[in-house]
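For reference, the structure is listed below as structure tokens.
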Amino acid sequence: MAVRKAIILCAGEGTRLRPLSFSVPKHLMSVAGQPLLGWILEALSEAGIEQVGVITPPQEEAIREFVADGAAWGMSATYLVQPEPLGLAHAVKCARDFLDDDAFLMYLGDNALEQSLGEFIDEFERSEADATVLVKQVDDPRQYGVVEMRDGQVAGLVEKPPDPPSNLAIVGVYVFQPAILEAIDRIAPSARGEYEITDAIQQLLDDGGKVMAHELTGFWEDAAAPPDLLRINRFYLDRLDLAVHGLINEASSTEGAIGIGVGTQVTNCALSGPCRVGNDSVLANSDIGPSVSIGNNCRVVGAKLRNCIVEDGTCIENFPGGIVDSVIGRQVSLQGDGCCSQPTRVIVGDMCRIETTGR
Ligand code: G1P
């Protein structure tokens, strides 16, 4: 059965991304110039997905506004509500009408990974499996679902095992035949009170189903906390075709891959790539990059920035000691006193105002 449908799970709360996630769902956090969800939709579209079901909590608006009808990615989008956060398998159940009797791909909306989803789907289609999970070798798999392999197939799965049977963690991308829905109906909640998709896949196995795993060797990160977002930002920055559309004056220097948006002016700056700046921003007397992503309508003057995400409409002035490893939300004002020679690390939510006095 050809896989043309996907669900993206966007119901998680993002508590470890607070305060950033108070005003923006974690799936819409900006990485390398666009929301994480935008990167996911691009990957699904490239893999030939035609219909996407986006699963959100009740009363969610920002995600609907961003994805709209899906046409920007050449897909049709449907919204499905998970009334309570009762687990990944429960989320799939909430998508039952949308899924109908079709095979589908399931993508956890906070995951970024280096894997052609088209290849993953092709392998699933060829294998005639009931489910294929993406897995990756990790040093400590105890915080993930873990698979145990036998003769090239999955022989068992367990969620967050204290004593893992292997180092193969389940990455947040799966492909299923519709039989998974019956398996979901037969599982009980786990110790953390959730209907686990891992348990439902184990149920498929117990029913005599065939489960395969595809090992991912490249990048994988789920955006649980700010350092994860910064790693995802760097990952996509490295893959972007960056180009200069704005103005960089002669007294500025550039090194590595630099992207400067339309209407942005760079004056007397040292830029080191990868570094991407959006449109209509002003950068002056600053030392910026590597691994920096700055949004639209920002202003950075007299500052050093390394490994940072700065979102739209934010102003940073007088930080010669530098701002490092930081995520700064929208319309923030960070005013330094120009004296501090030590780097500062900040995680600042939207619309905050911070001034240092130097006293
Ligand atoms: C979920 C899954 C787990 C998987 C992980 C990947 O865990 O239950 O099997 O390894 O996503 O990100 P959660 O993020 O709900 O703890």
Side-chain angles (χ1 to χ4, degrees), residues 6-18 21 25-27 29 31 36-37 39-40 43 55-57 82 84-95 104-115 117 120 131-149 154-176 180 183-184 187-205 211-229 231-232 235:
I7 50 173
I8 309 178
L9 276 57
C10 296
E13 268 188 84
T15 45
R16 286 165 60 204
L17 278 166
R18 288 176 183 162
S21 55
K26 64 173 169 173
H27 318 90
M29 299 274 153
V31 279
L36 177 55
L37 189 53
W39 294 104
I40 295 173
I55 305 181
T56 71
Q82 185 178 22
E84 290 170 273
L86 292 180
L88 301 180
H90 177 257
V92 178
K93 225 170 151 170
C94 299
F104 66 97
L105 182 139
M106 160 164 145
Y107 198 119
L108 307 187
D110 57 358
N111 274 245
L113 44 105
E114 190 173 9
Q115 165 70 43
L117 298 180
F120 182 53
T132 300
V133 293
L134 201 55
V135 295
K136 184 169 167 71
Q137 292 269 1
V138 298
D139 292 338
D140 181 5
R142 285 174 299 178
Q143 55 171 319
Y144 300 109
V146 179
V147 300
E148 192 178 359
M149 303 294 293
V154 174
L157 307 90
V158 51
E159 184 65 24
K160 301 191 179 33
D163 188 12
S166 79
N167 279 342
L168 289 172
I170 302 177
V171 173
V173 182
Y174 318 70
V175 212
F176 294 117
I180 191 70
I184 288 172
I187 59 168
S190 64
R192 62 171 172 168
E194 293 191 8
Y195 291 90
E196 307 287 351
I197 196 68
T198 309
D199 292 347
I201 307 170
Q202 178 63 49
Q203 182 70 50
L204 264 183
L205 273 180
V211 179
M212 303 295 287
H214 177 93
E215 192 174 333
L216 166 76
T217 49
F219 179 85
W220 169 45
E221 195 72 65
D222 61 350
D228 310 330
L229 274 186
R231 280 191 289 272
I232 297 172
F235 168 70

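Order of appearance sets the numbers: ligands from 1, and atoms from 1 within every ligand.
Residues that satisfy the side chain to side chain donor-acceptor pair (under 3.5 Å) test with Ser190, not counting sequence neighbours, are Glu196. By the side-chain contact (heavy atoms from CB on, under 4.5 Å) test, Pro161 is found to be paired with Val146, Val158, Pro164, Pro165, residues two or more places apart in sequence or in another chain being considered. Residues satisfying the side-chain contact (heavy atoms from CB on, under 4.5 Å) criterion with Thr15, sequence neighbours excluded, are Glu13, Arg18.
When each of Leu134, Leu108, Ile7 is paired with Tyr174, the side-chain contact (heavy atoms from CB on, under 4.5 Å) condition holds for Leu108 and for no other.
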Does ligand 1 have any N/O atom under 3.5 Å from a protein N/O, and what are those pairs and their distances?
residue  : atom   : partner : partner atom : Å
ligand 1 : 7 (O)  : Lys160  : NZ           : 3.3
ligand 1 : 8 (O)  : Glu159  : OE1          : 3.2
ligand 1 : 8 (O)  : Glu159  : OE2          : 2.8
ligand 1 : 9 (O)  : Gly145  : N            : 3.0
ligand 1 : 9 (O)  : Glu159  : OE1          : 2.7
ligand 1 : 9 (O)  : Glu159  : OE2          : 3.4
ligand 1 : 9 (O)  : Thr198  : OG1          : 3.4
ligand 1 : 10 (O) : Gly145  : N            : 3.0
ligand 1 : 10 (O) : Ile170  : O            : 2.5
ligand 1 : 12 (O) : Asp222  : OD2          : 3.1
ligand 1 : 15 (O) : Arg192  : NH2          : 3.3
ligand 1 : 16 (O) : Lys160  : NZ           : 2.6
ligand 1 : 16 (O) : Arg192  : NH1          : 3.4

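Using a 4.5 Å heavy-atom cutoff, the side chains of Phe104 and Val92 are in contact. Residues Val171 and Tyr144 are not in side-chain contact: their nearest non-hydrogen atoms beyond the backbone lie 4.5 Å or more apart.
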